[in-house]
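None of the values given here were measured: they were computed from a predicted structure.
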Amino acid sequence: MSDGGANNGVSYAIDARGLTKIYDGRAVVDHVDIQVPRGKIYGFLGPNGSGKTTSIRLLCGLLTPDDGTGSCLGMDLRTHAAQIKRRVGYMTQRFSLWDDLSIRENLQFVTEMYGLDRPRERAQDALKALGLAERAEQLAGQLSGGWKQRLSLAACTIHNPDLLLLDEPTAGVDPKARREFWDEIHRLAASGLTVLVSTHYMDEAERCHEIIYMAYGKIVARGSVDDVIGHAGLSTWALYARDLNALRRELEKDPAVSTLASFGESLHVSGTDAKALEAALKGYETQPGFAAERIATSLEDVFIHYMAGVKDNFA
Amino acid sequence: MTQEGKKIREGFSLRRAYALMKKEFIQLKRDKMTLRMIVMIPIIQILLFGYALNNDPKHLPTAVLAQDHSVFARSFVAGLVNTDYFAVTREPKSAAAAQRLLREGQVQFVVTIPENFGRDIVRGQKPQALIEADATDPTAISGPIAAAQGVFSTAFARDFTGPLAYLKGRQGSLSVEVHRMYNPEGFTRYNILPGLMGIILTMTGIMMTAMAITRERERGTMENLLSMPVRPLEVMIGKIMPYVLIGYIQAAIIVFLGEALFGVPVIGSLVLLSAVLVVFIACNLALGYLLSASAQNQTQAIQMSIMVLMPSILLSGFLFPFRGMPHWAQDIGSFLPATYFIRISRGILLKGDGFMDIWQNFWPLLAFMVVITVIATKRYRQTLD
């Protein structure tokens, strides 16, 4: 197979450079590079409105880029959108199957849209795999959120795509359904499928091989979770005090502190300059019940740090 | 490439268009309210429009077949023109040519002045002038016919001087014979019902297709559809075909109820009407499809449909005689498919028009269909841009 974009010996399912999309003169996606090697699960993170959905739509040919070049599965984004669609599965953020069609009708319709043979049998197989064979005639609109998600995943993988683009697939789904969903994604990846999945959940980010963090149309960080945390260069302390709120108000004004987050009995503070932060914390030792403990920086601390930083650059 | 990948078809796929059509039918089947409306709209409209609407148009196109060229013949025609109802637009050479003009609807009246018209007047022999009126639209001719009866008492006032003064004051120096062609009883509903077919098909056709597409956009399913390898023409065919069938059902209701309740005759060929219906329905559906390309939601789609529907009701010759409208209004009407279809349906149902008779109104419909379909498929965006 020679139809993958190859670079430094790595075969990329997605290889996009300088991808840009402009709405009303504003770059929603601003010269973004995305490389995803085949068979990997990449997490796409970033705050709401950061350009994740637009990037995914650019990759599956639903939007035309205003600038940049790229390929999906070795096919050019601009010239081969139709061919790309045949081998990519795209799951939209909103449930986008037909509410007034039954589960079976939806699956069969999608099969037919991909021009596959034996649509009836394929729909039946998918129903069985989903465990929905008994409820096949139920209207899709009546399913619960978790089932809608699973049905959507079954629909967008029914043509055995080589690349799966999932846009916040688990938003609003309970933890058990989310876990099952991710088990399924890992099972698909193990069979050679490449997955790019956007999410807001940190635990989901940790289930990805690598993550891409995007904010305000730009990629701010990328790499494995450990890399991203390491590159941020943050040091983090958990602080305890009798009056955490008073401590928090003090720390908010402190220049050595870049992020602050309350966690029940403790307050997590992070700063880019470990020594400065440590020195600054010494100043609070006189507060009643004060204790400080250095802890590992979490992905969330890093993201909040980045969000604040990028916002400052934009202001 | 996977096994499945090889089986994927390239290019236009009839199977995919069929699958889209099937989906549309299933969705329609579950939309009980819309199904009821499809049947109720024509029934209610027929009952409502079964009543007469009146109007008094002027300057109607008239063909004069003059077999006599005396001063009296000229005075008679001048007298008709002076009533403001008649405008002489054609002067056919033979009776057959005159009949053809009337049948094709190019003129509303044929005035035949017989041979020896002038001589018979001078001899006091009461010659008979014949006015044949296209009575499919009775409101258009009642005024002119009444006015024509009075013409002979005034038209010759200036001619009856000198040696002919003895003719003055003699009532009925000629008689005017009026033949109401195609709709002898002058029932307005005869005229309204074939027109109503055009209006109802315009209304449901444009609205339903426009909404069928914007609904996909509103619900977010369009994004899903666009992410699959579907071609614009397949979507268009799949979306439009169910509504062609609906158009036929409505047309059948109108013809059946028109005949059953109001005795509207079906003189021409229903096969020919069916053939024209395909083209007309396709025109409206493609137009609805085109409108939906610019509408963001179903409310906008309905508003845009009304933008086409209102002129179709008012300016197509459905409510008011086309030739009674000011020229600018006629010009607008000339860009509405309903204008041509209404003429054809009236021609076929009431006059028994054949293919050659309707051709001059049929080719604009064909042109509409082709142009709108091409623009609509071009405007269909395969992306969300």
J.: Around atom CE of Met37(B), are there more than 12 heavy atoms of other residues, nucleotides or ligands at under 6.0 Å?
T.: no
J.: Counting only non-hydrogen atoms closer than 4.5 Å, can you tell me which residues of residues 146-157 of chain A sit against chain B?
T.: none
J.: Ignoring hydrogens and geometry beyond distance, is a side-chain donor-acceptor pair present between Gln93(A) and Thr53(A) at under 3.5 Å?
T.: yes
J.: Given a strict heavy-atom distance threshold of 4.5 Å, which part of Glu112(A) is in contact with chain B: side chain, backbone, both, or neither?
T.: both
J.: Do Arg17(A) and Asp33(A) pass the salt bridge (Lys or Arg N to Asp or Glu O under 4.0 Å) test, and can you show the C-alpha distance, the side-chain angles, and the key distance before you say yes or no?
T.: CA-CA 4 Å; Arg17(A) 286 166 201 282; Asp33(A) 298 342; 5.0 Å; no
J.: Taking all non-hydrogen atoms of both residues into account, name the closest pair between Ala286(B) and Thr373(B) and its distance.
T.: CB-OG1, 3.9 Å
J.: Hey, which residues of residues 238-257 of chain B are touching chain A, say heavy atoms under 4.5 Å apart?
T.: none
J.: Please tell me whether Ser96(A) and Asn224(B) have a donor and an acceptor in their side chains that are separated by less than 3.5 angstrom.
T.: yes
J.: Between Thr92(A), Asn106(A), Asp99(A), which residue shows the highest count of heavy-atom pairs closer than 4.5 Å to chain B?
T.: Thr92(A)
J.: Against chain A, label Arg219(B) side chain, backbone, both or neither, depending on which of its atoms sit under 4.5 Å from a heavy atom there.
T.: both
J.: Under 4.5 Å, counting heavy-atom pairs only, tell me which of Leu165(A), Asp100(A), Val110(A), Val88(A) racks up the most with chain B.
T.: Asp100(A)
J.: Can you say whether Gln108(A) sits under 4.5 Å from chain B via the side chain, the backbone, both, or neither, judging by heavy atoms?
T.: side chain
J.: Is any side-chain heavy atom of Ser50(A) closer than 4.5 Å to one of Tyr216(A)?
T.: no
J.: Return the minimal non-hydrogen interatomic distance between Leu290(B) and Ala376(B), and the atom names on each side.
T.: CD1-CA, 3.9 Å
J.: Who in residues 56-64 of chain A is close to chain B, using a strict under-4.5 Å heavy-atom cut-off?
T.: Arg57(A), Gly61(A), Leu62(A), Leu63(A), Thr64(A)
J.: Is it true that Gln124(A) and Arg104(A) share a donor-acceptor pair across their side chains at a distance under 3.5 Å?
T.: yes
J.: Between Asp66(A) and Ile22(A), what is the shortest heavy-atom contact and its length?
T.: OD2-N, 2.6 Å
J.: Evaluate Asp167(A) against Ser198(A) for side-chain hydrogen bond (donor to acceptor under 3.5 Å, both in side chains), listing each step before the verdict.
T.: CA-CA 5 Å; Asp167(A) 195 0; Ser198(A) 77; 2.9 Å; yes
J.: Would Glu218(B) and Arg94(A) satisfy salt bridge (Lys or Arg N to Asp or Glu O under 4.0 Å), going step by step from the backbone distance to the final call?
T.: CA-CA 11 Å; Glu218(B) 227 173 48; Arg94(A) 240 171 92 188; over 6 Å; no
J.: Can you tell which part of Leu139(A) gets under 4.5 Å to a heavy atom of chain B, answering side chain, backbone, both or neither?
T.: side chain
J.: Is Thr221(B) reaching over with its side chain to a backbone N or O of Glu216(B), donor-acceptor style, under 3.5 angstrom?
T.: yes
J.: Does Tyr201(A) have any ring-ring contact (aromatic ring centres under 6.0 Å, His included) partners at least two apart in sequence or in another chain, and if so, which?
T.: none
J.: Pick whichever of Trp98(A), Phe109(A), Tyr90(A) has the most heavy-atom pairs under 4.5 Å with chain B.
T.: Trp98(A)
J.: Surrounding CZ of Arg120(A) (heavy atoms of other residues, nucleotides or ligands, distance under 6.0 Å), is the total greater than 12?
T.: no
J.: Is Tyr12(A) close to Thr194(A) at the side-chain level, that is, under 4.5 Å between some pair of heavy atoms?
T.: no
J.: Within 45° of the six-membered ring axis of Phe25(B) and under 6.0 Å from that ring's centre, is NZ or CZ of Lys29(B) located there?
T.: no
